[in-house]
Amino acid sequence: MKVFVGFGYNDNDKWITNLIIPFIKELGCVVHTGEDIQGEVLSAAVVSKIEESDACIGFLTKRDKKDDGTFTTHKWVIEELTVALTKKIPIFEIREKGVDAQKGITGDRQWYEFEDKAALMFEILKFLNKEKAKFSYKTFMLVPNEFVAEIRPLLKSKDTICKYRFLYQAKFYEPEEAKLERLGQGLGIIVKKIPSEEAQIEITVESANSFIWTSGFVSVGLINVQLQKD
């Protein structure tokens, strides 16, 4: 998993380089930063690093003190979070206590305000574990043999469509398309972003021949998923 970390490049924020980034790496993540190409305006190189990342963590730490006693923060970190949002990359906005509440594209989103660094590291751990879970995947073999025999000649047809959707905690997820794969002597699909091992999955295969095979909702704990012809 690749994580972009945005922060201020100054002495006050060296703890992020010395503590947080090694911590994230120990969690098995590859860390991207804009530290080597820093500037007040985001460069194409920084944008590219964000686009290549699976998650973005932005540290809005204190910069200059204002008349009202609050502090400004780093404009480029806000812009980095904004880029991640527009690219639909999950973000974790972290604000140091005392930083003026920012408005704009990230202003109405939830953020984490920190004082204690140990507690902050725990929140980072929870965020990254949640995002890592989205990368879990599983192979489901589709049975019975009658289904395999009927669909195998139509695998290359653009009119043959396989979709799946999850049901978890009374929430029906939006359908996603999956590619039918030849796996050994059978057919199966590889499903990503399983919300939970307690979720249920429904798999449906349709063809231009006006047939539909469907599983109904079954446990994601299964390996072989039984389809029935509607």
Side-chain angles (χ1 to χ4, degrees), residues 1-136 192-193 195-196:
M1 180 175 174
K2 299 176 183 178
V3 181
F4 185 90
V5 180
F7 59 99
Y9 310 116
N10 53 48
D11 289 341
N12 291 335
D13 283 0
K14 280 187 176 179
W15 63 273
I16 297 173
T17 301
N18 297 334
L19 178 65
I20 300 299
I21 290 179
F23 173 67
I24 294 174
K25 289 180 178 178
E26 282 296 319
L27 296 176
C29 300
V30 175
V31 177
H32 290 167
T33 73
E35 193 169 5
D36 295 332
I37 39 182
Q38 57 186 326
E40 293 291 328
V41 179
L42 289 194
S43 67
V46 172
V47 172
S48 178
K49 283 189 174 185
I50 297 171
E51 291 175 337
E52 294 171 2
S53 300
D54 302 304
C56 178
I57 299 175
F59 286 85
L60 301 182
T61 52
K62 295 176 182 178
R63 192 170 185 184
D64 300 317
K65 193 169 186 177
K66 300 172 63 177
D67 292 339
D68 62 3
T70 61
F71 289 80
T72 63
T73 190
H74 317 288
K75 179 182 177 183
W76 66 86
V77 177
I78 298 174
E79 292 176 349
E80 288 165 351
L81 290 168
T82 301
V83 170
L85 274 176
T86 58
K87 300 297 180 180
K88 297 183 179 180
I89 296 169
I91 69 168
F92 187 21
E93 182 180 334
I94 299 170
R95 293 186 183 178
E96 186 175 6
K97 189 171 183 179
V99 170
D100 183 25
Q102 301 295 316
K103 302 300 181 183
I105 192 166
T106 63
D108 59 351
R109 299 180 67 88
Q110 185 176 2
W111 65 84
Y112 179 78
E113 184 178 74
F114 80 94
E115 283 185 292
D116 181 74
K117 292 175 184 175
L120 168 61
M121 293 171 72
F122 181 65
E123 293 299 323
I124 292 173
L125 173 64
K126 290 197 298 183
F127 169 74
L128 292 178
N129 280 344
K130 181 184 71 173
E131 295 307 319
K132 279 184 178 181
K134 295 179 181 179
F135 288 85
S136 63
K192 298 181 179 180
K193 298 183 179 180
S196 168

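Throughout, residue positions are numbered sequentially from 1 according to the sequence presented. FYI, side chains are in, hydrogens and waters are out, and symmetry mates aren't considered; it's all heavy atoms of this structure.
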*Under the side-chain contact (heavy atoms from CB on, under 4.5 Å) rule, what do D54 and E131 come out as? Steps first, then yes or no, please.*
CA-CA 8 Å; D54 302 304; E131 295 307 319; over 6 Å; no
*Rounded to the nearest 0.5 Å, what separation is found between the CZ atom of F127 and the CZ atom of F122?*
15.0 Å
*asked:* Please report the interatomic distance CD(E51) to CZ(F4), rounded to the nearest 0.5 Å.
replied: 11.5 Å
_T72 backbone acceptor or donor facing D100 side chain under 3.5 Å_ = no
*Where E80 and G6 come nearest, the two heavy atoms and their spacing*: OE1-CA, 3.2 Å
*In Å, rounded to the nearest 0.5 Å, how long is the span from NZ of K97 to CG of D116?*
12.0 Å
*Could you grab the distance from atom OG1 of T86 to atom NZ of K88, nearest 0.5 Å is fine?*
10.5 Å
*Between the side chain of E93 and the main-chain N/O of W111, is any donor-acceptor distance below 3.5 Å?*
no
*Which heavy-atom pair separates C29 from K132 by the least distance, and what is that distance?*
SG-CE, 3.7 Å
*Work out which heavy atom in A55 is nearest to a heavy atom in M1; give both atom names and the distance.*
CB-CE, 3.7 Å
Identify all side-chain donor-acceptor contacts of residues 11-24 below 3.5 Å with residues at least two apart in sequence or on another chain.
from: D11; atom 1: OD1; to: K14; atom 2: NZ; distance (Å): 3.4
from: D13; atom 1: OD1; to: T61; atom 2: OG1; distance (Å): 3.2
from: D13; atom 1: OD2; to: G8; atom 2: N; distance (Å): 3.1
from: D13; atom 1: OD2; to: T61; atom 2: OG1; distance (Å): 2.6
from: D13; atom 1: OD2; to: H74; atom 2: NE2; distance (Å): 3.4
from: W15; atom 1: NE1; to: N12; atom 2: O; distance (Å): 3.2
from: N18; atom 1: ND2; to: K14; atom 2: O; distance (Å): 3.3

*List the steps, then state whether side-chain contact (heavy atoms from CB on, under 4.5 Å) holds for V46 with E79.*
CA-CA 11 Å; V46 172; E79 292 176 349; over 6 Å; no
*Kindly indicate whether the side chain of I124, heavy atoms from C-beta on, has any atom under 4.5 Å from the side chain of Y112.*
no
*Going by the angle between their ring planes, with limits at 30° and 60°, are F114 and F59 parallel, tilted or perpendicular?*
perpendicular
*If a pair satisfies salt bridge (charged side-chain N to carboxylate O under 4.0 Å, His left out) and one of its residues is in residues 119-128, list it, with sequence neighbours excluded.*
E123-K126
*Once you round to the nearest 0.5 Å, how far does CG of L85 lie from CD1 of I50?*
10.5 Å
*Side-chain donor/acceptor of K49 to backbone N/O of T33, under 3.5 Å*: yes
*asked:* When you compare the side chain of S53 with that of K87, does any pair of heavy atoms fall below 4.5 Å?
replied: no
*Measure the CG-CD distance between L120 and E96 for me, rounded to the nearest 0.5 Å.*
10.5 Å
*Give a yes or no on whether the backbone of A44 and the side-chain of S48 come within a donor-acceptor separation of less than 3.5 Å.*
no
